[in-house]
Every structure is written in structure tokens, then in C-alpha cells.
Amino acid sequence: MKTAAAQSMDYRSPAAAPPSWTQFAKLVQYRFESWISDDEEIANRFRAHVVERAGKPGGLPPTLVVRAWLNPDGTVEKIAFPALNDARAEADLRTILMRGNVGEPPPPEMLQPLNLQFSLNLKK
């Protein structure tokens, strides 16, 4: 997975972002990956959907960019991602990524949303 810098009207490339922003984006990406990998019903169903649809017409793309906004306490306030062409998979991914706290607050003055690129080449 690759991490992109936070983006708004004042977008900064990853190379120009302060190290604390890059580190926080990596933490958020790690948490999201962990939540997607959890051995629980919704995550298992989402992963099974990704594996079943991989490489098929109308299937999921090989990578997905998730835009994430986080509250000052580290909880996920909002996420956005391109349509997955499956309402249940979209609802499952939204539930997975909105479920928790990443464990740290965003650095002061960090631009949001964070743009996080995920590989959807998952294994069962």
C-alpha cells in the first residue's frame, strides 16, 4: 500500500509534507489495513467479495483511494471512496473504516482529507 499526503485546496505532495503528517498517514493506513484484515463477519465478507470479483468485468479495481477525515481525538469522522459497484461491499467497507479510533490525534494543522491508496489484491 502507498500513502499519499493529506489534500485540500492547499494540497502538499508527500515530499513536501511535514514528517509528522507522513507518519500519521502511515498510522491511519496501518489501522485501516488491520481493520480490513480482522477476523470478524463484516471484514471477512468484504474480503471474500474482493477476492470473488477480482479481475472480473465490473469487478473492483486493483487499487482504491480512500479519503479520510479524522477528528481531533483520532476517531474517523468521514470517509469517501469511489463506487465499488456493489452496495453491500460499499456499506461493509464504510462500516469497517468508520469503526474506531486510530490511536492518536492528527498532528496540529494537518491538512485533511488524507488520501490513502490501498491495494485490493487480497487473499482469502
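These figures come from a predicted structure and were not determined experimentally. The figures that follow rest on heavy atoms only: side chains count, while hydrogens, waters and symmetry mates do not. Numbers here simply count residues along the sequence, with the first being 1.
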Query raised in the report: Please walk me through it: do R47 and I36 pass side-chain contact (heavy atoms from CB on, under 4.5 Å)?
Result: CA-CA 8 Å; R47 288 192 314 273; I36 289 170; 4.2 Å; yes

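Between Q112 and A68, the shortest heavy-atom distance links the atoms OE1-O, 4.0 Å. Contact detail for P106 and G74: the closest heavy-atom pair is CD-N, 4.4 Å. Looking at every heavy atom in both residues, P82 comes nearest to V65 through CD-O, 3.3 Å. Summarising the geometry of P105 relative to P72, their closest heavy-atom pair is CB-O, 2.8 Å, with the distance given to 0.1 Å.
T95 meets the side-chain contact (heavy atoms from CB on, under 4.5 Å) test with I42, R99; sequence neighbours excluded. With sequence neighbours excluded, no residue forms a salt bridge (charged side-chain N to carboxylate O under 4.0 Å, His left out) with E109. For S37, the side-chain contact (heavy atoms from CB on, under 4.5 Å) test picks out no residue, with sequence neighbours left out. A search for side-chain hydrogen bond (donor to acceptor under 3.5 Å, both in side chains) contacts involving R88 returns nothing, not counting sequence neighbours. By the side-chain contact (heavy atoms from CB on, under 4.5 Å) test, A80 pairs with R67, W69, sequence neighbours left out. Residues passing the side-chain contact (heavy atoms from CB on, under 4.5 Å) test with F81 are L64, V66, I79, L84, E90, L93, R94, sequence neighbours excluded. Qualifying side-chain hydrogen bond (donor to acceptor under 3.5 Å, both in side chains) partners for T75, counting only residues two or more places apart in sequence or in other chains: N71, D73. Scanning for ring pair (Phe, Tyr, Trp, His ring centres under 6.0 Å) contacts around F24 gives an empty result, with sequence neighbours left out.
With hydrogens and angles disregarded, no donor-acceptor distance shorter than 3.5 Å links the side chain of D38 to the backbone of E40. Judged by distance alone, the side chain of Q29 and the main-chain N or O of Q117 form a donor-acceptor pair under 3.5 Å.
Residues W21 and L111 are in side-chain contact: their nearest non-hydrogen atoms beyond the backbone lie under 4.5 Å apart. Annotation: side chain of D86 is in contact with side chain of H49 (closest heavy-atom distance under 4.5 Å). Side-chain contact check for F32 versus V76: some heavy-atom pair is nearer than 4.5 Å.
Under the 4.5 Å side-chain heavy-atom criterion for grouping Ile, Leu, Val, Met, Phe, Trp and Tyr, L27 is connected to M98 within one hydrophobic cluster.
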